[in-house]
A.B. asks: 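Before we start, here is the structure in question, set down as structure tokens.
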Amino acid sequence: MKEYLQDPTFLMAQRQLDNVAKAMNLDSSVHARLRYPRKSLIVSVPIRLDNGDTKVLTGYRVQHDMTLGPSKGGIRFHHHVTLGEVTALAMWMTWKCALLNLPYGGAKGGVCCYPEEMSDNEMERVARRYTTEILSIIGPEKDIPAPDMYTNEQTMAWIMDTYSNFVGYAVPGVVTGKPVSVGGTLGRIEATGRGVALTVKKALEKRYPELNAPTVAIQGFGNVGSVTAKHLYEKGMKVVAVSDVHGAIRNPAGLDIYKLFEFMKETGSVVGFEGSEKIDGMALLEERVDVLVPAAVANVITEKNADRIQAKIIAEGANGPLTTEADQILLDKGVLIIPGILANAGGVVVSYFEWVQDIQHLFWSEEQVVEKLDFLMEQAFDEVYELYQRKNVDLRTAAMMLGVGRVATAKNIRGLYP
Ligand code: NAD
């Protein structure tokens with residue numbers, strides 16, 4: 001336990017809360033309770049490998065807070081998964097859900113493993129055994145997992161199936177991000193990238209209305225990065241650089257994103273796309289662009305490279321791509337940073353819509369989903385921007401003040417039990 005309390009990502013999340021608590025004069029009892037997770041479960045996940053050997057993996061599910069409703073948050077399969085990182089991500093989910101006015105607390109889970117080296121059958125055994133081990137603390141009224149790094153619709157279907165087999169009937173509402181055929185929602189796949197693009201557009205309108213074809217660089221061309229690229233391209237912006245785990249490409253005249261999608265489908269990477277020049281993956285972050293969207297992994301902008309970033313606006317598509325030190329350096333340079341709890345909240349918003357549809361057994365059209373998503377994202381952006389201007393704080397502080405404030409109000413009125 002001591003180990004996770006010293007994890008740098010957890011300490012960063014706690015420090016962010018402490019700073020916001022100070023700025024908003026948060027009640028000290030509520031502040032103290034919000035600094036730690038409500039429940040953390042560590043489980044062994046033994047699986048049989050395809051070659052007949054047995055491997056014992058470690059899994060986690062952390063529920064940071066459940067004041068406003070059941071907790072909500074993704075499950076990642078990755079070799080970097082630690083209790084400390086999962087706890088920090090659970091805390092950020094609490095603020096994100098409250099900021100978007102969703103009736104949820106925050107949670108996160110993960111299994112420490114190398115998914116790239118596992119077969120589909122091995123992945124299925126990990127998903128099912130992990131679900132069995134955390135079964136007692138999840139459920140549509142308790143804690144609702146969703147996909148995250150290296151987990152997807154199929155993983156959610158296995159989790160839903162395992163849970164349903166245990167209780168004896170189909171429970172689609174136990175997870176979100178499922179295939180539509182088992183109670184998933186239309187519009188989920190595009191939700192996060194659509195939301196990122198919406199916040200970028202609104203930030204540009206507020207801060208740089210004079211720019212008529214803003215330039216954009218995007219790190220990561222997976223679900224979030226590629227959908228963000230498509231929506232920004234469709235809004236008339238010039239996406240001049242993108243990257244994936246294999247490297248980065250650049251074309252100052254702008255990349256044809258539709259053709260890039262085709263190329264990706266054929267080759268599995270953005271590298272080598274016609275008319276583009278290959279550049280170093282990390283150099284993409286330092287491109288001279290109006291907007292930078294880190295949409296891959298955490299901690300990519302640190303005190304080591306922050307002063308070389310040239311973008312006017314950074315939208316955090318990924319969770320935690322900027323360290324606290326980098327944040328300060330960039331703020332001092334006047335960069336407008338749209339924090340992840342706002343920029344990438346589209347995914348959890350549509351997850352909420354999926355859960356609502358599952359428990360009502362009534363499904364919506366894609367148009368209805370998209371219209372409600374845009375409404376909640378615009379409302380959250382406007383509230384954050386208004387507070388940012390009124391309190392003269394940065395956007396991250398404003399977003400956290402709103403999220404933390406909503407949880408604190410509910411905690412105060414509910415009281416401390418017993
Ligand atoms: P994904 O697995 O679909 O895509 C990840 C992309 O990043 C891939 O293109 C991969 O090649 C690339 N990548 C990995 N390491 C890289 C590196 N070092 N440099 C450059 N590119 C690299 O994942 P995703 O769902 O798009 O998620 C991306 C980030 O967004 C994660 O931090 C995730 O937690 C966050 N996020 C995702 C959602 C969602 O709905 N998918 C919602 C909120 C936040």
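By convention here, the first residue in the shown sequence is residue 1. Each ligand, and each atom within it, is numbered from 1 in the order the structure gives.
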A.B. asks: Drop me the distance from L198's CG to K235's NZ, to the nearest 0.5 angstrom.
C.D. replies: 6.0 Å
A.B. asks: In Å and rounded to the nearest 0.5 Å, what is the CZ to CG distance from R61 to L83?
C.D. replies: 13.0 Å
A.B. asks: Report the relative orientation of the aromatic rings in H80 and H78; use parallel for angles under 30°, tilted for 30 to 60°, perpendicular for over 60°.
C.D. replies: tilted
A.B. asks: Measure up the F10 and Y36 rings against each other and bin them: parallel (under 30°), tilted (30 to 60°), perpendicular (over 60°).
C.D. replies: tilted
A.B. asks: Find out whether the Lys NZ or Arg CZ of K372 is both under 6.0 angstrom from the six-membered ring centre of W364 and within 45° of the ring's axis.
C.D. replies: yes
A.B. asks: For ligand 1, give me the residues whose heavy-atom distance to it is below 4.0 Å, by chain and number please.
C.D. replies: R76, D148, R188, T192, Q219, G220, F221, G222, N223, V224, S243, D244, V245, A295, A296, V297, G317, A318, N319, N344
A.B. asks: Determine whether the aromatic ring centres of Y258 and F263 lie less than 6.0 Å apart.
C.D. replies: no
